[in-house]
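Working notes for the structure below.
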There are 2 protein chains.
Amino acid sequence: MSFRSQLLKGILEGCILSIINKEMVYGYELSQKLQHFGLHDVSEGSIYPILLRLQKDGLIKGEMRASSTGPKRKYYELTNLGEKALLEIQEEWKNLQKPVDRLLNRSVDDER
Amino acid sequence: MSFRSQLLKGILEGCILSIINKEMVYGYELSQKLQHFGLHDVSEGSIYPILLRLQKDGLIKGEMRASSTGPKRKYYELTNLGEKALLEIQEEWKNLQKPVDRLLNRSVDDER
DNA sequence: TAAAGCTATCTTGTTTTGCAAGATAGCTTT
DNA sequence: AAAGCTATCTTGCAAAACAAGATAGCTTTA
């Protein structure tokens, strides 16, 4: 039995939108960037389905491009809708982070 | 269509353990405390199943007590196992919060 | 005393999220 | 031609959370 809770749930989508917002990226690259940012253990079985869903919902759009060193890559960029969604997620994250932090990191003599 | 992502997923369990760790509480009270801490929109359809699961997993234990003003209440407290689990979740939260924050709140000229 | 309202717990069914595992295929190196 | 890397996508599953509602005790009000 493991106590490992699934803390990532729900925010991965926002992190992906945020990375795509900076620059066009393709899925494989995305998984490396997430890793670089400290989000380890995010498998491609998570990333690709999210990308497809975001595309289906119109938040990102993809475009195949040839690579000089391997197979074709599908580069994604945010749509206007996606930018709006990202702003909302950033706002929600701020509102969530504070209370959770108070709850999980407070010392014994904090507010009850 | 709504962009509302489910940011809470995964950390609610930790927040509940954290509150119970402070003092014995019952489910109904818990939902009010979560609200007070800024975690709105957490329904009892979320809270009670989590309490039952935590109890089944041996992280908390419950005890019925009469109330002077209403129906009986089931007060919960952490077990040793539960205290250990809470420490792990607090650690995970710290490790998760930083990268997500960098991703979601960074300004345009931050690290790429 | 009967009805309404509040407190309190729990269940059922559904949706969303994420992951493990693996299928597919192009390109490069050996 | 075989092996290995890059790259995308699919299938099937489990966990998490919620909406909605069932149940029931207690208190207040009419």
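Protein chains get the first letters and strands the later ones, always in sequence-line order, with residue 1 at the start of each.
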| task | Mind running salt bridge (charged side-chain N to carboxylate O under 4.0 Å, His left out) on A:Glu23 and A:Lys33 for me, showing each step along the way? | result | CA-CA 12 Å; A:Glu23 53 186 330; A:Lys33 281 192 185 284; 3.2 Å; yes

| request: Might you work through the side-chain contact (heavy atoms from CB on, under 4.5 Å) test for B:Phe37 and B:Gln35, ending with a clear yes or no? | output: CA-CA 5 Å; B:Phe37 267 99; B:Gln35 184 113 4; over 6 Å; no

| said: Checking B:Lys94 against B:Glu92 for the salt bridge (charged side-chain N to carboxylate O under 4.0 Å, His left out) test, could you report, in this order, the C-alpha distance in whole Å, the side-chain angles of both residues, the deciding distance, and whether it holds? | reply: CA-CA 5 Å; B:Lys94 275 187 220 155; B:Glu92 281 179 49; over 6 Å; no

| message | Using the rule given for side-chain contact (heavy atoms from CB on, under 4.5 Å), can you reason through A:Ile16 versus A:Leu12, listing the C-alpha separation, both sets of side-chain angles and the distance that settles it, and then say yes or no? | response | CA-CA 6 Å; A:Ile16 287 177; A:Leu12 187 50; 4.3 Å; yes

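Among the protein residues, A:Glu44 comes within range of the nucleic acid bases, having at least one heavy atom under 4.0 Å from a base atom. No engagement by B:Leu51 is indicated, since no non-hydrogen atom pair under 4.0 Å with the nucleic acid exists. As judged by a 4.0 angstrom heavy-atom cut-off over every strand, A:Gly45 is placed among the base-contacting residues.
Listed by residue number, the members of residues 65-73 of chain B with any heavy atom below 4.0 angstrom from DNA chain D are B:Ser68, B:Thr69, B:Gly70, B:Pro71.
For the pair B:Tyr26 OH and C:dT7 C1', the interatomic distance rounds to 8 Å; values are reported in whole Å. Rounded to a whole Å, the CD atom of A:Gln32 is 9 Å from the C1' atom of D:dT6. Between the CG atom of A:Leu30 and the C1' atom of C:dG18 there is a distance of 15 Å, given to the nearest Å. The interatomic distance linking A:Met64 (CE) with D:dT6 (P) rounds to 17 Å, in whole Å. Atom CG of B:Leu34 is separated from atom P of D:dA17 by 11 Å (rounded to the nearest Å). Atoms CD1 (A:Ile16) and C1' (C:dG18) sit 11 Å apart, rounded to a whole Å. Distance CD (B:Gln55) to P (C:dT11): 11 Å, rounded to an integer number of Å. When the C1' atom of D:dT11 is taken as reference, atom CG of A:Leu52 falls 13 Å away, rounded to whole Å.
The two residues B:Cys15 and A:Leu104 come nearest to each other via the heavy atoms N-CD2, 4.2 Å. Here the closest non-hydrogen pair linking B:Pro49 and B:Glu44 is CD-O, 3.8 Å. When all heavy atoms of B:Gly62 and B:Tyr76 are compared, the pair lying nearest together is CA-CD2, 3.5 Å.
Of the two residues near DNA chain C, A:Ile50 and B:Tyr75, the one whose nearest nucleotide lies more 5' is B:Tyr75.
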| Tell me, what's DNA chain C's dot-bracket, Watson-Crick or G-U with both distances under 3.5 Å, | for other-strand, [ ] crossing? | ||||||||||||||||||||||||||||||

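Of the candidate nucleotides D:dC9, C:dT11, D:dA16, D:dC9 has the atom lying nearest to any side-chain atom of A:Lys74. Of all nucleotides listed (C:dT17, C:dT9, D:dT10), C:dT17 comes nearest to the side chain of A:Glu13.
Here the rule is side-chain contact (heavy atoms from CB on, under 4.5 Å) with A:Leu78, and of A:Glu83, A:Met24, A:Lys61 only A:Glu83 fits it.
A single hydrophobic cluster is not seen to contain both B:Leu59 and B:Leu87; linkage of ILVMFWY side chains at heavy-atom distances under 4.5 Å, directly or through other members, places them apart.
With sequence neighbours excluded, no residue forms a salt bridge (charged side-chain N to carboxylate O under 4.0 Å, His left out) with A:Glu29.
Between B:Tyr28 and C:dT9 there is no side-chain polar atom (N or O) within less than 4.0 angstrom of OP1 or OP2. The phosphate of C:dA8 (OP1 or OP2) has no side-chain N or O of B:Tyr48 nearer than 4.0 angstrom. Residue B:Arg53 places none of its side-chain N or O atoms closer than 4.0 Å to OP1 or OP2 of D:dA15.
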